[in-house]
4 protein chains.
Amino acid sequence: MSSAPSENAAPENAALPPARTPGKRNAAATRQRILDVALAEFAEHGFSGSRIERIAAGASANVGMIYHYFGNKDDLYLAALEASYKIIRDREQTLDIAHADPRQALKALVELTFDFLSTDPHFVRLIMNENLMMGRTAQRSATIPHMTRPLLEQLRTLLARGQKEKIFHREMDAEDLYISILGLCFIHVSNRYTLGSMFQHDFAAPDWLARRKAIVVDVVTRSIVATPAR
Amino acid sequence: MSSAPSENAAPENAALPPARTPGKRNAAATRQRILDVALAEFAEHGFSGSRIERIAAGASANVGMIYHYFGNKDDLYLAALEASYKIIRDREQTLDIAHADPRQALKALVELTFDFLSTDPHFVRLIMNENLMMGRTAQRSATIPHMTRPLLEQLRTLLARGQKEKIFHREMDAEDLYISILGLCFIHVSNRYTLGSMFQHDFAAPDWLARRKAIVVDVVTRSIVATPAR
Amino acid sequence: MSSAPSENAAPENAALPPARTPGKRNAAATRQRILDVALAEFAEHGFSGSRIERIAAGASANVGMIYHYFGNKDDLYLAALEASYKIIRDREQTLDIAHADPRQALKALVELTFDFLSTDPHFVRLIMNENLMMGRTAQRSATIPHMTRPLLEQLRTLLARGQKEKIFHREMDAEDLYISILGLCFIHVSNRYTLGSMFQHDFAAPDWLARRKAIVVDVVTRSIVATPAR
Amino acid sequence: MSSAPSENAAPENAALPPARTPGKRNAAATRQRILDVALAEFAEHGFSGSRIERIAAGASANVGMIYHYFGNKDDLYLAALEASYKIIRDREQTLDIAHADPRQALKALVELTFDFLSTDPHFVRLIMNENLMMGRTAQRSATIPHMTRPLLEQLRTLLARGQKEKIFHREMDAEDLYISILGLCFIHVSNRYTLGSMFQHDFAAPDWLARRKAIVVDVVTRSIVATPAR
DNA sequence: GATGAATGAGAGTTCATTCAT
DNA sequence: CATGAATGAACTCTCATTCAT
């Protein structure tokens with residue numbers, strides 16, 4: 001159920017002996033379990049379709065605990081959304097754009113995005129749901145609006161270097177490039193089921209994903225590399 | 001509110017032989033009004049978030065009528081989804097791919113897709129919602145799974161001609177091309193709000209759309225046109 | 001669907017050529033069809049469980065007709081109840097108690113009651129339902145309260161003759177005898193399903209009914225025939 | 001209102017260790033109150049005619065609690081039916097058939113049945129309703145189908161002894177005898193209102209019941225006792 | 001006479017939230 | 001900290017009844 005328990009729960013549990021004090025359960029751990037389950041629930045059912053009671057049961061907690069730790073359904077959803085964003089942000093930081101060949105760096109960036117969106121079972125669905133809700137919750141968040149800052153910075157650096165080196169000849173904006181990458185990496189996940197019923201195959205199959213990833217890298221690269229006059 | 005104004009509003013103004021009172025005792029009109037409002041409601045609130053009562057009120061009907069004509073909420077949603085698909089399908093048929101220069105035809109196709117997805121206030125949201133529901137309803141539909149047949153045929157014809165004429169040198173699959181086009185035309189609509197909070201501007205602004213459309217056409221074109229060895 | 005179409009509908013249809021005047025349907029026949037279907041519906045589903053729309057559909061009529069002919073659901077139920085009672089009353093009149101040996105006459109009466117209750121698919125269920133509704137409708141009826149008059153008269157005559165002839169030595173009241181007969185003839189029909197789940201066989205099977213009928217005749221007879229001092 | 005006052009009301013008046021507020025925050029008591037009221041409601045109005053809201057109000061609970069404890073209306077009805085059966089079963093176990101004179105034992109059994117059916121305000125109506133619903137719920141029950149096992153065993157024992165002692169000469173089956181008893185004890189309760197409107201008196205009047213009980217005992221006894229050749 | 005569209009009240013059921021223990 | 005009983009508002013759906021045509 002948990003999308004990334006190791007990264008979130010691990011620090012809490014690290015120093016804890018397996019046997020806890022009987023009367024007092026581990027508060028932080030309970031909170032984290034609720035959050036993990038909530039993230040999965042909201043991703044799977046959307047906001048309206050998610051059930052507080054199901055989250056409580058899934059986290060081996062009870063409804064009261066959710067209200068104790070998170071206030072209400074809206075705020076729990078906000079917390080889940082932020083937690084989900086944090087995962088991708090942390091992932092992006094692992095890239096080292098600066099010291100690579102721009103073309104290789106671009107490839108690495110696209111592949112990371114493609115892999116993350118294709119692999120994380122919750123992120124795309126949460127984003128879709130949030131957009132269906134017209135960004136109501138993301139706007140309330142103190143952290144989400146800035147989430148892609150680092151990625152964009154990397155992209156800008158990368159673009160500038162490529163253009164200076166005449167590898168990328170076009171004056172493409174980082175924003176435009178980012179949106180193209182996102183669109184090409186997002187669609188087969190977001191539209192997995194409607195595409196599936198159109199083309200009659202599974203858009204999450206590993207083989208298909210591997211082939212598609214190469215195509216996406218190619219499409220993105222072709223869109224900015226300098227070409228002899230055409 | 002009406003997603004199919006031509007079919008609904010037109011007869012009222014034109015010369016109708018039976019000449020009935022618009023909102024009263026008119027089965028077909030009532031059914032259509034319900035369907036139009038339901039389409040908007042489901043697009044705006046998703047399935048769970050949509051309210052039968054709100055649809056009834058919006059259609060100047062009452063709850064009983066909805067159940068009389070559509071059976072239940074699920075089937076009303078199915079009808080709305082099918083009606084929405086029908087609109088884009090009809091639009092696509094207006095394209096004349098066969099008799100144009102492949103490059104121009106591709107451009108026309110991309111622009112039509114871009115414009116439709118950017119303009120229709122309901123289609124993208126319905127598709128997103130349907131995917132969040134794991135395609136549960138699209139699978140039940142007798143018509144939806146075949147909806148992109150004609151479009152794909154057009155795309156295959158176009159690709160074949162372009163490749164024969166050596167304008168398109170790549171052996172790109174129609175499916176792959178379609179998904180790239182869809183991804184590039186879909187993302188700024190589907191992710192309008194989360195992108196908006198990242199980049200702090202409105203992704204539905206006409207100026208931005210016009211510029212972006214050109215970029216998308218460019219990215220798609222570059223992805224398949226023959227280029228001198230690179 | 002009709003519980004006794006021959007007795008009720010026959011006179012209406014007798015003189016009618018198969019082709020009716022197109023514009024005007026046969027009013028009396030429609031009314032009768034509704035009544036027949038209503039009787040079956042009320043017997044099958046009880047008052048609350050019966051559906052006006054289902055009755056209309058079953059009678060190949062429409063809801064408006066039911067209100068036109070019968071006023072409302074309550075009055076339709078009353079009409080159905082009275083129609084059902086009329087059937088058993090007519091049946092009882094076929095007995096000729098006066099000119100038979102008292103013991104034979106008693107047997108004939110018991111068998112007639114047993115057969116009617118076991119055979120008519122609706123009567124017992126309507127009576128049960130009416131009793132569950134605390135006789136609310138039977139009390140409103142002008143005809144129902146007198147329905148068993150003739151039967152009781154026959155029973156009184158029969159008892160008096162049997163006692164005068166010293167065949168029936170007991171001073172049993174006609175009412176008491178009637179209730180015993182009714183109880184013994186009613187229970188396997190009224191409690192068909194709960195008895196069925198207790199004894200694991202079908203209480204409407206012809207074989208069982210034939211055997212049981214003999215037992216009931218025997219029990220009733222033994223209850224009133226004169227016996228040497230015991 | 002309560003069908004099982006011993007289990008419900010007694011603890012309140014007795015010395016209860018936890019001593020909770022009667023109507024508040026007491027799961028078992030709330031559940032029992034709902035069940036008691038539901039039993040009465042279903043007996044009075046039948047399944048379709050019963051109202052969840054009325055049951056909640058009658059039990060000083062709210063609608064949600066009913067769904068919390070019983071799932072849905074169907075299952076609440078099942079619980080009520082089982083509870084009602086349990087009452088008569090327990091009552092029957094109080095009889096000591098084995099050590100009495102067969103004739104006396106038979107009399108005791110008939111009188112117990114007669115009294116229970118005449119006295120319990122709910123049982124007969126629930127059985128009638130269940131049969132109108134074609135035993136749909138009794139069949140789902142794990143306990144009901146076996147409910148008359150013990151009674152039938154008693155009856156078989158009693159019959160065998162009576163026949164061995166030449167008091168009962170007939171080879172009457174226990175099932176046949178049971179059905180006769182049930183029919184004779186059931187009819188004035190099940191058909192209380194239709195009989196009432198026929199005979200113009202109250203079939204629940206104590207005087208009438210006392211007289212009738214003697215008759216029923218007599219009819220049953222005569223049906224199986226050995227008689228000199230007739 | 002006949003049709004079926006339309007109405008409105010109310011039924012069963014669900015669910016976020018509160019609160020006594 | 002933790003539990004789960006209790007609440008009340010709302011939601012989907014049904015149905016007897018009316019009424020324009």
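So that the names make sense, note that chain A is the first sequence line, chain B the second, and so on, each numbered from 1.
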Give the nucleotide from the list E/dG1, F/dT17, F/dA5 with an atom nearest to the side chain of D/A27.
F/dA5

Spacing between D/I34 atom CD1 and F/dA5 atom P, to the nearest angstrom:
11 Å

Where each residue is assigned the nucleotide of DNA chain F containing its nearest heavy atom, which of D/G64 and B/G71 is assigned the position nearer the 5′ end?
D/G64

Provide, to the nearest angstrom, the distance between the CD atom belonging to A/E41 and the P atom belonging to E/dC15.
10 Å

Under 6.0 Å from the six-membered ring centre of B/F47 and within 45° of its axis: does the NZ or CZ of B/R136 meet both?
yes

Could you state the CZ-P distance from B/F70 to F/dT14, rounded to the nearest angstrom?
16 Å

Could you say whether D/F47 or C/A61 is positioned toward the 5' end of DNA chain E, judged by the nucleotide with the nearest heavy atom to each?
C/A61

Atom OG1 of D/T137 and atom CG of D/D74: how far apart are they, to the nearest 0.5 Å?
6.0 Å

Does a side-chain N or O of A/T30 approach OP1 or OP2 of F/dC1 to a distance below 4.0 Å, or not?
no

To the nearest Å, give me how far apart CD (B/E53) and P (E/dG10) are.
14 Å

Please compare C/M65 and D/S50 by the position of their nearest nucleotide in DNA chain E and report the one closer to 5'.
C/M65

B/R51 side chain N/O closer than 4.0 Å to the phosphate oxygens (OP1, OP2) of F/dT12?
yes

What is the distance, rounded to the nearest whole Å, between atom CG of D/N72 and atom P of E/dG12?
11 Å

Of B/D74 and A/V63, the one whose closest DNA chain F nucleotide lies more 5'
A/V63

Please report the distance, rounded to the nearest Å, between NE2 in C/H68 and P in F/dT18.
14 Å

Output yes when a side-chain donor or acceptor of A/E41 lies under 3.5 Å from a complementary backbone atom of A/R54, and no otherwise.
no

Please determine, for E/dA20, whether a Watson-Crick or G-U wobble partner exists with both distances under 3.5 Å, and give it or none.
F/dT3

Report which part of the nucleic acid D/Y69 touches: base, sugar-phosphate, or nothing (heavy-atom distance under 4.0 Å, all strands).
sugar-phosphate

Rounded distance (Å) that lies between atom P of F/dT12 and atom NZ of B/K73:
4 Å

At under 4.0 Å between heavy atoms, what does D/S48 touch on the DNA or RNA strands: base, sugar-phosphate, or nothing?
nothing

Examine distances only and state if a side-chain atom of A/E53 and a backbone atom of A/V63 form a donor-acceptor pair shorter than 3.5 Å.
no

Rounded to whole angstroms, how far apart are CG on C/D75 and P on F/dA16?
14 Å

Are D/F42 and D/K73 close enough that some pair of their side-chain heavy atoms sits under 4.5 Å apart?
yes

Hey, does the side chain of D/N62 come within less than 4.0 Å of F/dT7's phosphate (OP1/OP2), counting only N and O?
yes

Under 4.0 Å between a side-chain N or O of D/Y67 and OP1 or OP2 of E/dT13?
yes

